[in-house]
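A quick note: this is a predicted structure, and the numbers were derived from the prediction, not measured. In each ligand, atom 1 is the first atom listed, and ligand 1 is the first ligand listed.
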Amino acid sequence: MDVKKSRRDFIKKSALIGAGISIAPGLAFANKKQEKKEKLKLGLIGVGLRGTNHLNNVLLRDDVTVTAICDIDEGRIAISLKAIEDKGFPKPKVFGKNDYDYKNLLDLKDVDAVIISTPWLWHARMAKNAMLAGKYTGIEVSAANTMEECWDLVNTHEKTGTHLMILENVNYRRDILAILNMVRQDVFGELVHFRCGYQHDLRFVKLNDGKTAYGKGVEFGKKGISESKWRTQHSVVRNADVYPTHGVGPIATMCDINRGNRFLSLTSNATKSIGLHNYIVKHGGKDHPNAKVKFKQGDVITSTIETALGETIIVTHDCNLPRPYSLGFRVQGSNGLWEVDGSRIYIEGQSEPHRWDSAEEWLKKYDHPLWQKYGEHATGAGHGGMDFFVINAFVESAKQNIAPPLDVYDAAAWSAITPLSELSIENNGEPQNFPDFTRGLWIKRKPYNWMKDTY
Ligand SMILES: NC(=O)c1ccc[n+]([C@@H]2O[C@H](COP(=O)([O-])OP(=O)(O)OC[C@H]3O[C@@H](n4cnc5c(N)ncnc54)[C@H](O)[C@@H]3O)[C@@H](O)[C@H]2O)c1
């Protein structure tokens, strides 16, 4: 089957079904007049590794025109222009003369929506400017670094009525959507406890061609490549969970955060920091200048969140020690639990007492309608297909100018874990309260209908 054609068929079908949905969940006052666009004019701000991944996915769609791109790295602009030309699309307007040239992209009339895939420190300021300019805004994870930035996103959305979607692709992972299906069908019973996190050995770096370069992570900042140009510096200066959303996003959706439930408080603790130093000494030698750098970030950071409905969520950040990748999910309720590590499920009355079932059969049985229908078309889109679904949700929501499935309140509540964990660690694990970004409306906001098969 022609993947490009079948994806297009899917997009056309989902657009038709989507057209029947006039009001999306969210705050009524935040919805502007609904106007369905046939084609979305898209600007991409930041076309590094992640931005070009998004670019390649939107180039497969016939309902998106990339009208502008912006990046301060000419090499990344060249890669993006070639990808656009190779697919036979017209050349977009190009920006990136300096750090603030993105504002000129935001002035363009022929940009309806933007996707921001820049380093973290740019996210909230660029998103704020984008919403002020009336552009439907997609923002990479994490959305904000400080509490002020979290509020900035919420306040700007409420002031302008412009929507923001946090592009958390893990929410669309096949096992996650199957487990969400089980949660919605009450298989786990009343929810009690969750575990999740970002447990990914990031001591190496990813090169321009997407390949992994072990040993190159010794250099960072000006001498770094891709993420090591900016990401490692956060480990030097912040003892915090700086990347919480891949883990907490899916869990927050399962327990209806900001929609009938909310994060109440958090405690965080950090271990000592030895991983990055040891790596530098091993691969660069003990006399390498970076061997003198004191890394502030603990190697393993553990946060426990309490929710208004009485659940706890343990969130782990573990990126600087040798380990295989795992987001460490566990979803536990009054009837049983799922654990991603070991891929196992136990449901009282259905599993043999005290024995795990392999999760495989359960995940098949509860496969989400989206994946059942369109899974084969999504494979190849990146990260096992989930990148296709997250971009599809963004494009469909933006074309209709409706609230997205993962909105500004999600972006703020999930990203707030970073500054709150930092404060808690600084104060020996003292509990920190989450602000209520919905200003009380979490009590009456309805959960997003994740079980529809459109996007
Ligand atoms: N959801 C996921 O699975 C996933 C995966 C990878 C990265 N990310 C996120 O995507 C974002 C980008 O990560 P990446 O791996 O592509 O990093 P990257 O360093 O490869 O790309 C960032 C790009 O932004 C550009 N940039 C920096 N400042 C700019 C400015 N002021 N104006 C315009 N362009 C600017 C850089 O030149 C670079 O090309 C990060 O927030 C990261 O956390 C998400």
Side-chain angles (χ1 to χ4, degrees), residues 43-57 68-81 93-106 114-127 129-130 138-145 149 165-173 176 198 200 202 204-213 216-217 220-222 224-235 241-250 317 319 325 327 381-391 393-394 406 411 414-415 418:
L44 294 167
I45 304 178
V47 281
L49 286 184
R50 188 64 182 151
T52 44
N53 189 254
H54 290 317
L55 172 67
N56 291 331
N57 281 329
I69 58 172
C70 175
D71 200 296
I72 51 169
D73 180 339
E74 285 173 9
R76 298 308 304 181
I77 291 286
I79 288 171
S80 306
L81 287 178
K93 295 201 172 76
V94 174
F95 299 86
K97 279 193 216 91
N98 57 53
D99 274 341
Y100 294 92
D101 208 14
Y102 74 90
K103 290 188 176 178
N104 294 317
L105 179 152
L106 294 176
V114 291
I115 291 181
I116 298 166
S117 313
T118 47
W120 298 332
L121 292 180
W122 284 104
H123 285 191
R125 66 196 75 204
M126 284 175 168
N129 290 144
I139 187 169
E140 256 308 334
V141 298
S142 215
N145 304 279
E149 285 186 344
M165 177 167 171
I166 178 163
L167 300 173
E168 184 40 80
N169 46 350
V170 182
N171 275 62
Y172 289 87
R173 213 168 87 171
I176 290 295
Y198 194 60
H200 190 185
L202 292 182
F204 51 83
V205 293
K206 284 267 168 72
L207 300 175
N208 265 343
D209 58 7
K211 289 197 182 117
T212 301
K216 296 252 184 205
F220 58 91
K222 278 201 178 120
I225 304 168
S226 184
E227 287 199 350
S228 67
K229 276 191 181 144
W230 53 269
R231 188 178 186 134
T232 317
Q233 186 60 19
H234 290 260
S235 310
D241 182 338
V242 291
Y243 205 55
T245 73
H246 285 327
V248 93
H317 183 270
C319 299
Y325 177 91
L327 298 186
H383 290 112
M386 60 193 184
D387 288 352
F388 165 72
F389 288 110
V390 74
I391 283 300
F394 173 74
L406 308 172
W414 308 349
S415 304
T418 297

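- The two residues Ile77 and Phe95 come nearest to each other via the heavy atoms CD1-O, 3.8 Å.
- In this structure, ligand 1 sits under 4.0 Å from heavy atoms belonging to Gly46, Gly48, Leu49, Arg50, Cys70, Asp71, Ile72, Asp73, Arg76, Asp99, Ser117, Thr118, Pro119, Trp120, Trp122, His123, Met126, Glu140, Val141, Asn169, Ser226, Glu227, Trp230, Tyr243, His246, His383.
- Counting heavy atoms from C-beta on, the side chains of Leu106 and Val114 come closer than 4.5 Å.
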Quiz item: What's the verdict on side-chain contact (heavy atoms from CB on, under 4.5 Å) for Leu121 and His234, showing C-alpha distance, side-chain angles and the deciding distance?
Solution: CA-CA 10 Å; Leu121 292 180; His234 290 260; 4.0 Å; yes
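- For the pair Arg76 and Thr52, the tightest heavy-atom approach, listed with the atom from each and the gap, is NH2-OG1, 2.9 Å.
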Quiz item: Where do Leu327 and Ile176 land on the side-chain contact (heavy atoms from CB on, under 4.5 Å) test, with the steps shown first?
Solution: CA-CA 11 Å; Leu327 298 186; Ile176 290 295; over 6 Å; no
Quiz prompt | side-chain contact (heavy atoms from CB on, under 4.5 Å) assessment of Tyr243 paired with His200 | solution = CA-CA 11 Å; Tyr243 205 55; His200 190 185; over 6 Å; no
